[in-house]
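Take a look at the structure below.
Basis for what follows: all heavy atoms, side chains included, without hydrogens, waters or symmetry-related copies. Here is the naming used below: chain letters follow the sequence lines, and residue numbers restart at 1 for every chain.
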2 protein chains.
Amino acid sequence: MNVEPIDVTQSARERFERMHHEIRNRICLLDYAPGTRLSEEALAAEFGTSRTPLRRVLVRLEGEGLVQSVHGVGTFVTDVEIEELAQTYRLRLELAELTGKLDPVAPDAALWEHFRDLADRSHALVADPDPRRFAQLNVDFFLALLCLTANEPLREVCERLYFQTTRIWLKSVFASTIDLIDEVDVFCREVDDILRALRIGDLHAAALIQRAHISMSFERMRKGPDKS
Amino acid sequence: MNVEPIDVTQSARERFERMHHEIRNRICLLDYAPGTRLSEEALAAEFGTSRTPLRRVLVRLEGEGLVQSVHGVGTFVTDVEIEELAQTYRLRLELAELTGKLDPVAPDAALWEHFRDLADRSHALVADPDPRRFAQLNVDFFLALLCLTANEPLREVCERLYFQTTRIWLKSVFASTIDLIDEVDVFCREVDDILRALRIGDLHAAALIQRAHISMSFERMRKGPDKS
DNA sequence: GAGCGCTTCGTTGTGCACATCATTGCCTGA
DNA sequence: TCAGGCAATGATGTGCACAACGAAGCGCTC
């Protein structure tokens, strides 16, 4: 069963969401590195539409600060300088802690299952590191953690800032393969620690652990990878 | 001098910003109350363009949660139920305090001048209350306070949440004219208190005062205006 | 008379042709 | 040989005509 073609739904809204999610994911996973030019025509062709609906997606992404369009030149994936990145990280620290204080909700059965799967994937990644799978796992774990607060505006803000910063951090990680091993190891420990806190039911502790890891990952990035 | 027509700048980006700012302001000042349908054609004609550039603005506003487009029906100014509004307020409380802790900057001469002007306007408003001028003053004062932090991402987030919530609060205020007097009075005191804290140079205290007032204004709104 | 369906109308969504803009590289003249 | 301008190129921005969609009103049928 389930033999139907993927793109059954062709309602305007669904298609918009699909394109938006897909392109955002590519930017976040560094398929489109910062500075990359996105061709409206090529993307439109890929998604089987004209430029008009695609441009709508790009306008949204521009509002989210992920791309920037320049008349007559092109649409580029944004990059950020270290100073603004530092500001965003400082804000993310506080917001991460807030997820444990504002409308926290314990995981339900489905979310537990998801967390177990994420833990398995992280352990598998330690045995066999891979940049892209690491990036995807990082995104998935973050989104899972976001389910721990019922505060919808907070979730939106955290998600927005996450997508703005993580790709920059990933860029640093990917720059030197040697660090990837360390980062995967640290990440695996973060997952285990947070799950341990969740099992006790201490959501605030889980949030504090996440906050600590965000802080440390930024410090590691700021100090820079070994240029050996 | 300065006899030139207003709309000299016609670069695409400038025009987009102008339209975006103008429509957002109208939504925030309740010129377009929640539920109002925005006519793409009428707005496009007003701004002297076709629907295409205007739609770009609407897409941005939809991303900010201020409007929602429905295919074949119309584009409507969003409303929010009390539960989500409460969540947003809880978040705004924390963020307001953060503006006093993350990258605080003391006002420069120009900002002091602006604050003095705002104080004068608020006092004038007590003597002669007016809903629309109150709304505009509220917006202006909020934006001025935002200048007290150099953390750009924090400013963006605060601004975004402010525009989402304040119009709902204003709607409650405008519903009964009797409360307008009280609200103006409270607001005037808030301005004075915050300016007092700023004169001492205690930015954190100023942020805490703002936080307290956000909290109290939500409580007043939640309890509801007198339906007499 | 009531209920169901069709038709009409208005609105947003899409596709395409063209305008506008910035870059690039060549060509010309000193 | 070098410098400056200018035209060609390719990108995003705009305008318009049409498609898709949803709601409301009208009429037909039971």
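- Checked for salt-bridge contact, B:Glu41 and B:Arg51 miss the test: no charged N lies under 4.0 Å from a carboxylate O.
- Rounded to whole Å, the distance from CD on A:Glu40 to C1' on C:dC21 is 14 Å.
- Each of B:Asp79, B:Thr78, B:Val139 was evaluated against B:Arg167; a single residue qualifies, B:Thr78, per the side chain to side chain contact (heavy atoms under 4.5 Å, CB included) test.
- Taking 4.0 Å as the cutoff to heavy atoms of chain A, we find the contact window on DNA chain D bounded by D:dG10 to D:dT14.
- A cation-pi arrangement is absent between A:Arg15 and A:Phe47 under the rule of less than 6.0 angstrom and at most 45 degrees off the ring axis.
- Contact annotation for A:Leu38: backbone-only contact, meaning every heavy-atom pair under 4.0 Å involves sugar-phosphate atoms and none involves a base.
- A straight line from CE of A:Met19 to P of C:dG13 spans 12 Å, rounded to a whole angstrom.
- When the nearest nucleotides of DNA chain D are assigned to A:Thr52 and A:Val73 by heavy-atom distance, the more 5′-ward of the two goes with A:Val73.
- Heavy atoms of B:Glu41 sit nowhere under 4.0 angstrom from any nucleic acid atom.
- The CZ atom of A:Phe16 sits 15 Å away from the C1' atom of C:dT14 (whole-angstrom rounding).
- For the pair A:Val70 and A:Ala12, both in contact range of DNA chain C, the more 5′-proximal nearest nucleotide belongs to A:Ala12.
- Residues B:Glu84 and A:Arg155 are not paired through a salt bridge, judged by the lack of any N-O separation under 4.0 Å between the basic side chain and the carboxylate.
- Both A:Ser50 and A:His71 lie close to DNA chain C; mapped to their nearest nucleotides by heavy-atom distance, the more 5′-ward contact belongs to A:Ser50.
- Rounded to whole Å, atom P of C:dG13 lies 16 Å from atom CZ of B:Arg56.
- Here A:Thr49 lies in heavy-atom contact (under 4.0 Å) with sugar-phosphate atoms only.
- Proximity of B:Tyr32 to B:Arg26: side-chain heavy atoms (C-beta onward) are separated by under 4.5 Å at one or more points.
- The aromatic rings of A:Trp169 and A:Phe134 stand perpendicular to each other, their planes meeting at an angle above 60°, with 30° marking the opposite boundary.
- Considering only heavy atoms from C-beta on, A:Asp140 comes within 4.5 Å of A:Gln136 through its side chain.
- The side chain of B:Arg51 contributes no N or O atom lying less than 4.0 Å from OP1 or OP2 of C:dT12.
- Remark: C1' of C:dT12 and CD of B:Glu62 are 11 Å apart, rounded to the nearest angstrom.
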